[in-house]
Amino acid sequence: MSKQYELILTEQRDAVLLITLNRPDRMNAWTPAMSAEMSDAIEAANADDSIGAIVVTGAGRGFCAGADIGAVFEKNLEESADKEPEKPQVGDWVALCRRSKPLIAAVNGPSIGVGLTMILPFDQIVASSTAKLSARFVKMGLVTELASSHYLISRCGWGAGSWLALSGTTILGDEAAQLGLVDRAVEPERVLEVAMDMATELSGNPPAQLRFVKELLTANAVETDLNLIQQREHDLLEKSYKTPDHAEAIAAFMEKRPPVFR
């Protein structure tokens, strides 16, 4: 991938695409333009057979310190009463994350508001033990977004998820890992290294099946109909049987060698 962006950096390292939010002077504060660039980079990676997984991190001291107040909220407040504010298509981001190649967040610093909720649909979150994380929407007179009212509960359970949303409290990476908000908390200097290693491991698995598994996890996570769950699994299992990657996995096993999927 060689496309140049204004608010993010992209770098391919072997089979992993590294996306870096690149507004370090503003702690990588989120803007609609940044979101559009991230979506474009992820879509491009999904279409690139040489990329197996994607890591997202932040430049400088922060991961993403929330929405850029001037670029986002001030505009809404200035809208005239007879003009309806433009509504962002928030569902598009969540849908993109769930149908994408594996996504891992490397949270190197503050991850606040949308800086947190935009990564909750990712497959894995690795955070610095000292990173500050907060779903602080209530403190701004707002409510949770990007399906975070689902993902906070899904990740942390009812009690912890409710507390994080209702209090808007800020916690550190170590506590976030204990609650399940993030998947791993590591030493600050190891965040990107650990995330890249995880992405490299995932990149070694068959691309189609990775997407199939994500599809099943997304659809079945809150499904209560066990017959429907099994039917979805059966349908994608049938597709998997017919893929070259399944044949390669069997051949590699029989020949006692590592499989090659890309």
Side-chain angles (χ1 to χ4, degrees), residues 21 27-30 32 34-35 38-39 42 54-58 62-69 72-73 87-100 102-186 191 195 198 213-224:
L21 310 183
M27 296 288 280
N28 303 314
W30 180 95
M34 174 185 283
S35 180
M38 291 175 66
S39 296
I42 291 171
I54 303 162
V55 171
V56 179
T57 193
F63 178 74
C64 177
D68 187 310
I69 301 299
V72 180
F73 297 120
K87 292 182 175 65
Q89 298 181 13
V90 294
D92 292 351
W93 173 256
V94 177
L96 172 60
C97 291
R98 295 314 308 155
R99 65 177 170 77
S100 172
L103 283 161
I104 299 176
V107 180
N108 55 304
S111 177
I112 309 297
V114 69
L116 173 62
T117 57
M118 71 178 178
I119 61 174
L120 292 182
F122 280 26
D123 302 290
Q124 292 286 292
I125 303 175
V126 181
S128 162
S129 58
T130 60
K132 296 178 179 180
L133 302 97
S134 177
R136 57 179 290 108
F137 300 95
V138 70
K139 291 187 178 298
M140 297 296 293
L142 299 172
V143 300
T144 54
E145 36 73 281
L146 293 181
S148 55
S149 53
H150 164 82
Y151 283 107
L152 286 171
I153 301 301
S154 180
R155 282 182 168 272
C156 304
W158 185 265
S162 295
W163 177 254
L164 292 170
L166 292 170
S167 68
T169 192
T170 299
I171 61 176
L172 298 181
D174 277 338
E175 184 179 358
Q178 293 170 9
L179 294 177
L181 182 63
V182 305
D183 301 294
R184 304 187 192 190
V186 300
V191 173
M198 293 169 67
V213 169
K214 286 192 60 168
E215 181 179 339
L216 289 171
L217 292 173
T218 302
N220 292 341
V222 294
E223 180 61 67
T224 59

Taking the side chain as every heavy atom from C-beta outward, state whether [X] and [Y] have any pair of such atoms under 4.5 Å apart.
X: Leu179; Y: Arg155; answer: no
X: Ile171; Y: Lys132; answer: no
X: Val55; Y: Met198; answer: no
X: Asp92; Y: Leu96; answer: no

Measure across [X] and [Y] and return the closest heavy-atom pair with its distance rounded to 0.1 Å.
X: Gly173; Y: Ala185; answer: O-CB, 3.5 Å
X: Ala165; Y: Val138; answer: O-CG1, 3.7 Å
X: Met27; Y: Pro110; answer: CE-CG, 3.6 Å
X: Phe122; Y: Ala105; answer: CD2-N, 3.6 Å
X: Ser134; Y: Gly168; answer: OG-O, 3.1 Å

Within the distance-only criterion (no hydrogens, no angle test), does the side chain of [X] pair as donor or acceptor with the backbone N or O of [Y] below 3.5 angstrom?
X: Arg136; Y: Thr170; answer: no
X: Ser111; Y: Phe63; answer: no
X: Asp68; Y: Ala29; answer: no
X: Trp30; Y: Cys64; answer: no

Inset, instruction - Please name the residue in the list Asp123, Val126, Ile119 that meets the side chain to side chain contact (heavy atoms under 4.5 Å, CB included) test with Ile104. - result: Val126

Inset, instruction - Let me know which of Val182, Val94, Ile125, Thr144 forms a side chain to side chain contact (heavy atoms under 4.5 Å, CB included) with Leu120. - result: Ile125

Inset, instruction - Name all residues meeting the side-chain hydrogen bond (donor to acceptor under 3.5 Å, both in side chains) criterion together with Thr130; count only those two or more places apart in sequence or in a different chain, and write none if there are none. - result: Ser128

Legend entry - Arg184 atom CZ: more than 12 heavy-atom contacts under 6.0 Å: no

